[in-house]
Structures are given as structure tokens and as C-alpha cells.
2 protein chains.
Amino acid sequence: MKEDPLYKNRKVITIGVVSELTGLSERQIRYYEERKLIFPERTERGNRKYSFSDVERLIDIANKRDEGVRTYEIRQEMLKDKKREDDAKIRNQMLRGQLNARFGIPKGKN
Amino acid sequence: MKEDPLYKNRKVITIGVVSELTGLSERQIRYYEERKLIFPERTERGNRKYSFSDVERLIDIANKRDEGVRTYEIRQEMLKDKKREDDAKIRNQMLRGQLNARFGIPKGKN
DNA sequence: CGTGTAAGGAATTCTGACACG
DNA sequence: CGTGTAAGGAATTCTGACACG
């Protein structure tokens, strides 16, 4: 979908730097992964790599945790948001399909 | 000058990842720093951190090296480009100053 | 000049576990 | 549940140097 040069989503930051950037301990960062709140990639030998998006998400998580929200609840919210996005995407595609079928709208920029 | 959320310029990538991203050896990357072609930041204990801009510059450097351009020459080109930019910036500021002095143009963005 | 490599040490990261609560 | 910590090992990074050319 997105272009590759979206620096924001490229997983290139090691956990130590993420820890500095977010103020979270490495233990916390790894735990949030265990709870499926964050999904780093891995280097060949297993070192975690995060994107700027991940860093922002971690800051969000940290704020919610400060408010007392549990990791399970944070995950539920995430899944809800994801569902909304996916539904919106599907509605969009259906609309395009209809328009295209009836009027032969030339394919726009995605 | 620029906003902080410019992911492109934030120095967060370790040399190992930069090596993967550019295909250059760590030795080469450190050498280009020695030759003042690249300027990573350092973590508290001395580990180098690079930005996406740095990665792109390194790829440029690698291409020029492949063409046989020497590091010294690459540096000269860099300095020339920098001077052009700086001169343009100054001309721009002078123009703003003139306009402002004569017509009191409200301060624009930057 | 540009890059490879072996050297030795220090810092990083990883996993699984025990602890407290 | 969420996080700290000590444990042991493996991988990372650093610097200064020798090598070749």
C-alpha cells in the first residue's frame, strides 16, 4: 500500500534507543510485545528493531498505563480501532467497485 | 529550523543496521566519517547513531566511490553544495529583510 | 588511499526465571 | 498483572594497529 521511503514505518531502531526515546525500560518494551501491543521486526540473529511509529505507539501505551489502563484493555482498544479502519477500507472498495461497474471510472491513485 | 518530528533526520540507527541498509562494511562507514563525509551522533557510551538522511548520503557516497571518485573529491562537492545552499539562504533572508523594512510584511512561516 | 582483518575490552541484547503483589 | 533484577551467553560496537597497495 504505502511507499517504501516512509521512514516512519521502517523498522530500524534498536531497543536501547527506543528505551531512551520513550523513557520506558527494556523490560517494559519487551513485555508490551509479549502482550501483543507492539510488533518489532528482528535482525538475523534475533535483535529487535522498531519504527518511529512503534516509538509513538509505545508513548501512547505509556500514557495509558499512567492512567491505570491495563495492557489487555489497551489491546482491546487497538483491535477496535483496527476493525474500524478495515471496515472503512472495505466500504471504500465497495463504493469504488460500484462506481467503476456503472460508470467505468478510471482507476484513481489508490 | 525544521520540526523535530522529521523522522528523516533523527539519529537513531546503529551502525550494524546502517551496514545492512547500505551494503557498506562498518569499516567503510567509519572511514567515511573519518574523512568527514558523514556525521553520526553518539550514545552516552560512544555508539554511533545515524539518520535516514545519513543512510541516503552513504548510498550516494557508495555510488560515487564505485565510479572511482575519491573521498576527498566527494567532500569537496559536498562543501560546494553546502555553500550554494547557504548563499541562497542568505539571499532569501536579505530579500525578506528588504520587503519587511519597506512594506512591513508580517512574518511568514520560517 | 581505501578497506580488510585480528585483538581485546566494554556495552548491548536475548531468554527464562524468581520476586513482589 | 506489570515490572525489577541477577544470570549466562551470544552478538555488537569501539579503538588503534598492521597489511596491502
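Heavy atoms only: backbone and side chains are in, while hydrogens, waters and symmetry mates are out. Here is the naming used below: chain letters follow the sequence lines, and residue numbers restart at 1 for every chain.
- Take the nearest nucleotide of DNA chain C for B/Arg65 and for A/Asn47: the residue whose nucleotide is more 5' is B/Arg65.
- In this structure, of D/dT3, D/dC14, C/dT13, it is D/dC14 that holds the atom nearest to the side chain of B/Ile15.
- As a whole-Å value, the separation of A/Leu24 CG from D/dT3 P is 8 Å.
- Summarising the geometry, the separation between CD on A/Glu44 and P on D/dA10 is reported as 18 Å, rounded to the nearest angstrom.
- Side-chain N/O atoms of A/Arg45 include none lying less than 4.0 angstrom from OP1 or OP2 on C/dT13.
- Atom CD of A/Glu34 and atom P of D/dT3 are 11 Å apart (whole Å).
- A distance-only check finds a donor-acceptor pair linking the side chain of B/Ser53 to the backbone of B/Lys8 [under 3.5 Å].
- Taking a pair as Watson-Crick or G-U wobble with both distances under 3.5 Å, the runs of three or more consecutive pairs in DNA chain C are C:2-5 with D:17-20, C:17-20 with D:2-5.
- In terms of phosphate contacts, B/Thr43 brings no side-chain nitrogen or oxygen within less than 4.0 Å of OP1 or OP2 of C/dA11.
- Rounded to an integer number of Å, the gap from B/Glu33 CD to C/dT3 P is 15 Å.
- Under a 4.0 Å N-O distance rule, the pair B/Arg84/B/Asp81 qualifies as a salt bridge.
- Within the 4.0 angstrom heavy-atom criterion, only backbone atoms of the sugar-phosphate kind lie near A/Thr71; the bases stay farther away.
- In this entry the distance linking CD of B/Glu41 with P of D/dT13 reads 17 Å, nearest Å.
- Between B/Lys64 and B/Asp60 no salt bridge is recorded (no basic side-chain N to carboxylate O distance below 4.0 Å).
- B/Tyr31 has a side-chain polar atom (N or O) that falls below the 4.0 Å cut-off from OP1 or OP2 of C/dG2.
- OP1 or OP2 of D/dT3 sits under 4.0 Å from a side-chain N or O of A/Tyr32.
- The closest side-chain donor-acceptor pair between A/Asn9 and A/Ser51, if any, does not fall under 3.5 angstrom.
- Remark: the backbone N or O of A/Val69 is paired with a side-chain donor or acceptor of A/Arg65 at under 3.5 angstrom.
- When A/Ile29, A/Val12, A/Thr14, A/Leu21 are each tested for a side-chain contact (heavy atoms from CB on, under 4.5 Å) with A/Tyr50, only one passes: A/Ile29.
- If you measure from atom CZ of B/Arg42 to atom C1' of D/dT15, you get 10 Å, rounded to the nearest angstrom.
- Although no hydrogens or angles enter the test, the distance criterion places a donor-acceptor pair under 3.5 Å between the side chain of A/Arg75 and the main chain of A/Lys36.
- Between A/Ile13 atom CD1 and D/dT12 atom P there is a gap of 18 Å when expressed in whole angstrom units.
- Regarding contacts with the backbone of C/dC18, every side-chain N or O of A/Arg27 stays at 4.0 angstrom or more from both OP1 and OP2.
- Checking C/dC14, C/dT3, D/dT13 against the side-chain heavy atoms of B/Gln28 singles out C/dT3 as nearest.
- Spacing between atom CD of A/Glu26 and atom C1' of C/dC14 amounts to 10 Å, rounded to whole angstrom units.
- The side chain of B/Arg30 sits closest to D/dC14 out of C/dG2, D/dC14, D/dG4.
- Each of A/Glu33, A/Arg48, A/Lys49, A/Lys11 was checked for a side-chain contact (heavy atoms from CB on, under 4.5 Å) with A/Asp54, and the lone residue meeting it is A/Lys11.
- Applying the 4.0 Å criterion to OP1 and OP2 of D/dT15, one finds that B/Arg48 has a side-chain N or O inside that range.
- Of the side-chain N and O atoms in B/Thr14, none sit less than 4.0 angstrom from OP1 or OP2 of C/dT12.
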